[in-house]
Structure formats: structure tokens, C-alpha cells
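Inspection log for the structure reproduced underneath, given as C-alpha cells.
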2 protein chains.
Amino acid sequence: MDLSTTGTRRDRQRAATVAEIKAAARKLLVEGGASAVGLRAVARELGLSAPALYRYFASHEDLISAVIADLYDELTAVLVALRDEDAEADLGTRLFLVAGGLRDWALAHPAEFGLLFGAPVPNPLADGHELTPNHQAAMRFGAVFKDLVAQVWHQQPFPSPSDESLGPELVAQLQQKSEYFDGMPAGAVYLALNYWTRLYGLICMEVFGQLHWALEDAGAYFQAQLYEIGEALGLDCPLPE
Amino acid sequence: MDLSTTGTRRDRQRAATVAEIKAAARKLLVEGGASAVGLRAVARELGLSAPALYRYFASHEDLISAVIADLYDELTAVLVALRDEDAEADLGTRLFLVAGGLRDWALAHPAEFGLLFGAPVPNPLADGHELTPNHQAAMRFGAVFKDLVAQVWHQQPFPSPSDESLGPELVAQLQQKSEYFDGMPAGAVYLALNYWTRLYGLICMEVFGQLHWALEDAGAYFQAQLYEIGEALGLDCPLPE
DNA sequence: CGTTAACTGTTAACGGTGTTCACCAAAGCG
DNA sequence: CGCTTTGGTGAACACCGTTAACAGTTAACG
């Protein structure tokens, strides 16, 4: 959509100002971390007074919420670009590329990553809660991985644990997600979940410095782990150079 | 050590006040999350004026740093108690107990857990940094798991990946930790690290709500994962009831 | 014992935050 | 043109962490 030709002249100016505000907020975020992006600081950045921002965002929380949504979409775009970069790549290498891309993005943008994935997330399934835009953006992000894993499965089903080995209550929960995972059985959903939890946990630990005590450069460890969890999905690992 | 009979009368009163302050801080932490434990709020809690707290802590950051250290020690005590509860238990079940105990503690004290493990940790190996008391407490905590895994290894070495499969640079880093892991070879250190990263990542995701979209009760999934990562250490899983 | 010093508390104040209010100028529209 | 909406302002409120100046209590020492 071309925002610059949508609506009246004032609407366009308004959208431009909103974009400026979010850009300033993000600049402060990268330069000084999450605590540096304050309402007054953002206003100062573009030569406005603090109350002026309330014409564009209902509150400080709304502002950072908006940049979070933007960051989700931006990260998602980076990952899909990586996924579709090589038209001849098979699904396995695409999954490797996307996973590595997520780690690279996280390491290159630690403050942004912390904003997206470091803060506790409220349970959206609790009744009364509407699905917030941020949550929807997060789902679109997660769908990149989900789609890839589901495609891998449908192209060549990987061996997955039996229902008996997982236990009935876990199987019951996993089967609820079978539809979301394009009909994959419980055991396959379990492996998909396993893939995501290990990838996410690993990246979080590295970005948040929880691995410093053990590894000075977690890159090699990450590659090894990626190979391991890829193997569980029946994938061949691209050789480390 | 019996603090109540150490030093002069004033020293004892001072220690008592320090304990009161930390208790109030923790109460606010539990009730309202990390953002609720402010200097003035703590002072209000015990009927003091805010500047009075500066007689006991150099800054607000020092205060929460002190409660973090206490929380580390408390959590460590809980885990060692769990480890030593059953004198006849073998190392494998002890490891299961401690891992489950960590999850239980995290779920029962989410705010405290977030304070300990949710915030990015500065790299202590960067030159100039002394080992902060918090870091030492964190190391004592981590040693509970490290000791158990090392004992498991020395009792019966589990099959571990070869140096060739891990790659030279990863092996080089792992071997640097061989001494810390009581002489375990690189492959075994890798599995120990694997155990910790997966356990930590899983608990973080559950506590911080990052698993809500997939599982309403992650308990069964946690058990299955615990079994899986225990298997890698050559352990038998206690049957789920 | 009296004197002195250290300790523990106070109030006032500074600069910072997010937020609301009353006001005002300019842009757009009938 | 007049009127309404929009986007800006400065003043103010309540809170925050922190510092300074000051007072009362308590321990220590000659």
C-alpha cells in the first residue's frame, strides 16, 4: 500500500509524523537500550514538546507497542527474504538460513530483540483479552517457522515419537495444534515445538549474556545445536566451512 | 553464623533493619512485579522516609542487587535440599528432582525468577570487571547442576559426540571448560551444556508466557523434554505416574 | 563522668519521568 | 468568509531516584 497517496493531505502529513516519531524512538532504543526511549526523549529528538506526542499516541506504552509491532514485521520481512533468496534451495537449507538469520538479527539488534522477546507476554487465551496487534504480528513472525516445518513434514514426513512415548495429556494438547500445523500428527508437532523452543532458548541465552560463563563465542555451539535439531526433522546439515 | 549475637547492639539492629528492608522489597516484588519495588515504595512499606534507605544501601540498584543475591542463595538452598532429600536416590533421579524443582520454583515465584534470569547479564570476562557478588551467587547456583552432571559422568561416562562431529573451534572452547567440569572431555561438556541450555530455555519460555500460544499447560511437555535431555546423559527416566 | 564522634533519622530540594489541562494558531472545509 | 478540527504550546500534578543540610540518639573515649 502506498501511504503517501492515501487520504487527504493532512492524513499524509500525520502518517509521516507518526513514522518520524517511531524512527526517533527506535534510534534511542538502539543507542541507549529500552530504558532510553522515554516520551520526553523522543519528543526532544524531533524538537517537539512532550505533550505533542499525545496527539499521535495515547500513551508511552502505546508508542513502544507500535514500534514493537513494526519490529516484528521488519524481522519477519528479513526472514522471508532470507527464505526466498535462493529459488533452488530445498526446504532444509531454507530452514537453516532462516534460523541463522534470526540469530544474526538478534545479535545485530540486541536491544530490539530484548524488546520483542525479552519481556514477559500476557496470556492472550485468558478470556476477555482481545488479540492485540502485537500478538498478531508475533504470530505472523512465528508462522514463518511453522510454515517451513510443516512444508518439510508434508514433503517428507520425518520420524516422530509415538503417542505412547509422549503420554496422553501431552498428546491431547499437541493434537489441538494439529490443525494449525497443517494436519501434522502429535509426534510431529512435538518435534516442531522442540525445534522452536530450542532455537528460541538458545538465541535468548546468547543475546542476554547467559552463555558468557561457558562460551566466549557461541557461534560454533549454535551451529552444532542447529544441526542437531535439524537432524530430528530429517534434514541434512549444510557443511560447516 | 549467628548474626543475632555478632557485633555490638547497634550492629545487630542495623542487620535487622537491612533484613527488614530486603523483606519489604521482596514483598513488593511478589505483589507488583519488578517495577513495583521502588525506593520510596520500600521506605513507605516500613514507615521510613526515602532518604533513610541510603544509610543502608548506596543506591536503588544496590538494593535490588542485594535481594537478587539473596534470591540466588535461597533458590540454591531449595535445590540442594531437594537434591539431598532422599539419601538413597541415585544421581539420575537427583538430577530430575533438581531440574523439576527449578521449574516449580520459577512457576511459583515468577517475579523473582524474572529478576534473576530475565535481565541481560553483563559479560564478566570483559576486562576491568570484578566478579560481582551476584555473579558469584549465580555461579554457586549453577554449580548445583554442574556438580550433578559431572558426578553422573564420573560414575558412568555417557556416550558423547566425537570431537570430529563437533568441529575444532567448538571443541577448543569446550576443552577450556573441561577443568571446571572435573575433567570431562569436550563431547561430555557439550552434552552438559546442552542439558543446561535446554532446561533454562524451556523454563524461561514457560514462565515468560512464550509457550501460551502452543500449550496451555506446559508441564507434560516439560517432563517429556526432561526425559529426552536426561536420556542424552544416559539416565533412565522415572515413570510418569 | 562529660565530651566527642558516629549513626540514624528527618525535611527540603533538584532534576527526571509520564500525563493532563487550558489555551492558541493554523489548516481544512462548507 | 466563518467554523471546526487538528497540532502545537507551557504550566502543572504526582511520582521517581538522589543529594544536602540538619537534628536526635547512641556508642566510644579521655
Side-chain angles (χ1 to χ4, degrees), chain A residues 3-29 31-68 111 114-115 119 134, chain B residues 3-68 111 115 119 134:
Chain A
L3 290 175
S4 62
T5 63
T6 301
T8 88
R9 190 170 299 149
R10 264 220 290 233
D11 283 359
R12 281 184 275 120
Q13 170 116 17
R14 181 178 179 82
T17 309
V18 167
E20 266 188 72
I21 295 175
K22 290 193 288 192
R26 185 157 171 202
K27 179 190 171 198
L28 293 170
L29 174 64
E31 287 176 356
S35 69
V37 43
L39 205 72
R40 289 179 138 94
V42 173
R44 220 176 289 130
E45 198 72 18
L46 28 152
L48 286 181
S49 65
L53 298 188
Y54 282 83
R55 304 289 174 187
Y56 301 92
F57 296 94
S59 71
H60 177 241
E61 189 185 347
D62 269 37
L63 204 180
I64 61 175
S65 199
V67 331
I68 287 180
L115 205 56
N134 279 355
Chain B
L3 291 174
S4 63
T5 64
T6 301
T8 89
R9 187 170 301 148
R10 263 221 289 232
D11 284 358
R12 281 184 276 120
Q13 171 114 19
R14 181 178 179 83
T17 308
V18 167
E20 267 188 71
I21 294 174
K22 291 194 287 192
R26 186 157 170 201
K27 180 191 170 198
L28 292 170
L29 174 66
V30 180
E31 290 177 351
S35 68
V37 44
L39 205 70
R40 288 180 137 97
V42 173
R44 220 176 289 129
E45 198 72 18
L46 27 153
L48 287 180
S49 66
L53 297 188
Y54 283 83
R55 304 292 175 189
Y56 301 92
F57 297 93
S59 70
H60 176 241
E61 189 185 347
D62 269 36
L63 203 180
I64 61 175
S65 198
V67 333
I68 286 180
L115 205 56
N134 278 355

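Just so you know, these numbers use all the heavy atoms, side chains as well, and skip hydrogens, waters and symmetry mates.
- Per the geometry, CZ belonging to B:Arg55 stands 11 Å off P belonging to D:dA20, to the nearest Å.
- Relative to the side chain of B:Leu48, the nucleotides C:dC23, C:dG9, C:dT20 differ in distance, and C:dG9 lies closest.
- Side-chain atoms of A:Arg40 come within donor-acceptor range of the base of C:dG18, with a qualifying N/O pair under 3.5 Å.
- The partner of D:dG30, taking Watson-Crick or G-U wobble pairs whose two distances both stay under 3.5 Å, is C:dC1.
- The distance between atom CD of A:Gln13 and atom P of D:dG7, rounded to the nearest whole Å, is 9 Å.
- The residue A:Tyr54 sits close to a base: some heavy atom pair falls under 4.0 Å.
- Regarding A:Leu53, its CG atom lies at a distance of 13 Å from the P atom of C:dT20, rounded to whole Å.
- With a 4.5 Å cut-off on side-chain heavy atoms, B:Leu115 and B:Val37 do not count as touching.
- For DNA chain C, the neighbouring residues in residues 58-66 of chain A, judged by any heavy atom under 4.0 Å, are A:Ser59, A:His60.
- Remark: side-chain polar atoms of A:His60 are not paired, donor with acceptor, to backbone N or O of A:Arg40 under 3.5 angstrom.
- Dense packing is recorded around CD of A:Glu31, with more than 12 heavy atoms of other residues, nucleotides or ligands lying under 6.0 Å away.
- Closest contact between the side chain of A:Tyr56 and the listed nucleotides D:dG8, D:dT19, C:dT20 involves D:dG8.
- With values rounded to the nearest 0.5 angstrom, B:Arg26 atom CZ is found 14.5 Å from B:Glu45 atom CD.
- Note: CZ (A:Arg12) to P (D:dT6) measures 17 Å, nearest angstrom.
- Using a 4.5 Å heavy-atom threshold, the side chains of A:Lys22 and A:Phe57 count as touching.
- Distances shorter than 4.0 Å separate none of the side-chain N or O atoms of B:Arg14 from OP1 or OP2 on C:dC7.
- Closest to the B:Ala52 side chain, of the nucleotides C:dG9, D:dG8, C:dC21, is C:dG9.
- The CZ-P distance, from B:Arg44 to C:dT10, rounds to 13 Å in whole Å.
- To the nearest 0.5 Å, the span separating OG on A:Ser59 from CG on A:Leu53 amounts to 11.5 Å.
- At least one side-chain nitrogen or oxygen of B:Ser49 sits closer than 4.0 Å to the OP1 or OP2 atom of C:dT10.
- Nearest-nucleotide positions on DNA chain D place A:Ala50 closer to the 5' end than the other of B:Ala41 and A:Ala50.
- In this structure, of C:dC21, D:dT6, D:dC22, it is D:dT6 that holds the atom nearest to the side chain of A:Arg10.
- Protein atom CG of A:Leu28 is 11 Å distant from nucleotide atom P of C:dT17, rounded to whole Å.
- In this structure, A:Leu39 atom CG and D:dC15 atom C1' are separated by 15 Å, rounded to whole Å.
- In this structure, OG in A:Ser65 is found 5.5 Å from CD1 in A:Ile68, a value given to the nearest 0.5 Å.
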